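Note that the coordinates shown come from a computational prediction; the quantities given were computed from them, not determined experimentally. Below, all heavy atoms of this structure are taken into account, side chains as well, without hydrogens, waters or symmetry copies.
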Amino acid sequence: MASLKFSHSNGNPFAVTRHVTPRSTRPTRIGFKIFASDNHSEPDLSVCVNGLQMPNPFVIGSGPPGTNYTVMKRAFDEGWGAVIAKTVSLDAAKVINVTPRYARLRAGANGSAKGQIIGWENIELISDRPLETMLKEFKQLKEEYPDRILIASIMEEYNKAGWEELIDRVEQTGIDAIEVNFSCPHGMPERKMGAAVGQDCALLEEVCGWINAKATVPVWAKMTPNITDITMPARVALSSGCEGIAAINTIMSVMGISLDTLRPEPCVEGYSTPGGYSCKAVHPIALAKVMSIAKMMKSEFNDKDYSLSGIGGVETGGDAAEFILLGANTVQVCTGVMMHGYGLVKKLCEELKDFMKKHNFKSIEDFRGVSLQYFTTHTELVRRQQEAIRERKAIKKGLQSDKEWTGDGFVKETESMVSN
């Protein structure tokens, strides 16, 4: 376990110097950040995740909202609990994006310009900016926001030395944790990148071994939903040393076909390719995946030593509360920011507080995972319902026929059929 040394730094009496002992056991990577807190009657949204303190559970998900210094600084200024930068790799020259690269699904007729946006597809690749540029901006952000949590998202080809170099370079910037992109559904699968690793448990175990032997900060493994049983790779990642799981990344999709042009969307020079589906329509699917992972973590691991970050269609505080009720420690938002802007976090915080006040929850931990107990098998549902029916039938409400009248119980039998 890492040791704590309290010291004054830059005039901040709450600054903490992190001293990490040799990496002999998994918990040595856990960092510590301590903040002063005010005593007030409002619900406390702060969370401590793998030793990292956040003012609220809302995290900018890896993608366009974390693509450069300017937008990440904006996220911190608006009050997001943490920022996960857009995924980086060693050689950005291999990453070439196209435009347009997004397509939207609206409620009502597909293609309607008036319906509510319920689905969003992207064919965007990881960061196309030079790694050196992104690293410089990570360092600048950590210098300007030393008490805020910055997480690097990384993805590399199937090469141990490449992974080790990438980890070493991002850690030198002072980032607080690493999220490993094992889940991007499109782009460069032929190089064993993204979902190509997350869908192959043997490959995942090997790559996680490389990563966790090198990393000195907490590591989250970001899971793909494009798999039969998402608990299998999540289990492998945790068993291989990762401190956290993030789920879900986008779902492989074809957004639609224009009935005018007969071309798929998003359309690039008349052609398209399957991409990642996000936004409100994926929320129920994400909840199911997170529920499965949380139940697995609770039964097979000491889930208090690990973390779970829920992702998928979060636009309201209620959406976030659902993920937390299913065991998530934090909730990531990406498409929601692209649609509503960075100021969305204020609305999310207020709505989550309203939910907590309604149920008299004082902290996130008061209700984290509370709803997991209400999930069971279909066989168990049948048993419970049959038992309830038997109990209801056992309670007689009045007489069913004239032959049931008795002399001894006549008055009570009469009373049993009076309505007022």
Side-chain angles (χ1 to χ4, degrees), residues 59-72 75 83-102 120-138 141 150-159 162-171 173 175 177-200 203-204 207-208 210-211 215 219-226 246-253 266 268 273-278 309 311 332-335 337-338:
V59 178
I60 291 287
S62 180
T67 196
N68 61 42
Y69 165 84
T70 301
V71 297
M72 289 188 280
V83 172
I84 302 177
K86 193 172 185 182
T87 303
V88 296
S89 62
L90 289 175
D91 187 2
K94 298 176 183 177
V95 182
I96 303 175
N97 278 302
V98 295
T99 299
R101 51 182 175 266
Y102 308 135
W120 187 287
E121 183 194 354
N122 82 86
I123 56 173
E124 186 163 311
L125 302 178
I126 62 175
S127 178
D128 58 8
R129 306 178 71 222
L131 177 62
E132 292 74 15
T133 301
M134 292 291 282
L135 296 179
K136 179 181 178 181
E137 295 181 356
F138 291 172
L141 281 164
L150 177 62
I151 300 173
S153 174
I154 64 173
M155 183 166 75
E156 194 44 61
E157 296 188 26
Y158 179 66
N159 180 288
W163 278 107
E164 290 175 340
E165 179 185 350
L166 183 57
I167 291 168
D168 183 55
R169 294 182 70 181
V170 297
E171 284 195 356
T173 67
I175 52 94
I178 291 171
E179 182 180 84
V180 190
N181 188 341
F182 290 133
S183 49
C184 182
H186 51 270
M188 300 183 284
E190 69 280 0
R191 296 176 184 166
K192 294 185 179 180
M193 299 177 77
V197 180
Q199 292 167 333
D200 184 333
L203 186 60
L204 178 67
V207 175
C208 277
W210 300 341
I211 294 168
V219 174
W220 296 359
K222 190 172 184 180
M223 297 286 101
T224 173
N226 303 299
I248 59 173
N249 206 325
T250 52
I251 302 169
M252 185 66 82
S253 66
V268 180
T273 188
Y277 192 45
S278 61
S309 193
I311 317 167
Q332 295 186 31
V333 187
C334 183
T335 307
V337 178
M338 296 168 71

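Formation of a donor-acceptor pair under 3.5 Å by the Asn97 side chain with backbone atoms of Glu124 is not found in this model. Without hydrogens or angle criteria, Trp163 side chain to Glu157 main chain gives a donor-acceptor distance under 3.5 Å. Between the side chain of Arg169 and the backbone N or O of Leu166, no donor-acceptor pair lies under 3.5 Å. Here the side chain of Ser183 pairs a donor or acceptor atom with the backbone of Lys222 at under 3.5 angstrom. Side-chain atoms of Ser62 come within 3.5 Å of backbone N or O of Thr87 as a donor-acceptor pair. At least one donor-acceptor pair closer than 3.5 Å links the side chain of Asn68 to the backbone N or O of Val71. No donor-acceptor distance shorter than 3.5 angstrom exists from the side chain of Glu179 to the backbone of Ile151, with no hydrogens or angles considered.
Among all heavy-atom pairs drawn from Asp200 and Ala196, the shortest one is CB-O, 3.7 Å. Listed here is the closest heavy atom pair of Arg129 and Ala92: O-CB, 3.1 Å. In this structure, Tyr158 and Val207 approach most closely via the heavy-atom pair CD1-CG2, 4.2 Å. Minimum heavy-atom separation, Cys208 to Phe182: SG-CE1, 3.7 Å. Minimum interatomic distance between Met72 and Ala85 (heavy atoms only, all atoms of both residues): SD-CB, 3.7 Å. Residues Cys334 and Gly63 share a closest heavy-atom pair of SG-CA, 4.0 Å.
Taking CG of Asn122 as the start and OG of Ser278 as the end, the distance is 6.0 Å to the nearest 0.5 Å. Note that the CE atom of Met155 and the CG atom of Leu90 stand 11.5 Å from one another [nearest 0.5 Å]. Between the CG atom of Leu204 and the CE atom of Met223 there is a distance of 5.5 Å, given to the nearest 0.5 Å. From Glu156, atom CD reaches atom CD1 of Ile126 across 8.0 Å, with rounding to the nearest 0.5 Å. Atoms CD and CD1, from Gln332 and Ile248 in turn, are 11.5 Å apart once rounded to the nearest 0.5 Å. To the nearest 0.5 Å, the span separating CD1 on Ile211 from CD1 on Ile178 amounts to 8.0 Å.
Considering only heavy atoms from C-beta on, Leu125 stays 4.5 Å or farther from Arg101 through its side chain. When side chains are defined from C-beta on, Leu135 counts as touching Val170, because their heavy atoms get closer than 4.5 Å. The side-chain heavy atoms of Ile84 and Ile60, taken from C-beta on, include no pair separated by under 4.5 Å.
Under the rule for a side-chain contact (heavy atoms from CB on, under 4.5 Å), the partners of Ser253 that lie at least two apart in sequence or sit in another chain are Glu121, Tyr277. Listed by chain and residue number, Pro185, Gln199, Thr224, Ile251, Met252 satisfy the side-chain contact (heavy atoms from CB on, under 4.5 Å) test with Asn226 (two or more places apart in sequence, or in another chain).
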Worksheet entry | Verdict with reasoning, Asn249 to Asn181, per side chain to side chain contact (heavy atoms under 4.5 Å, CB included) | CA-CA 9 Å; Asn249 206 325; Asn181 188 341; 3.8 Å; yes
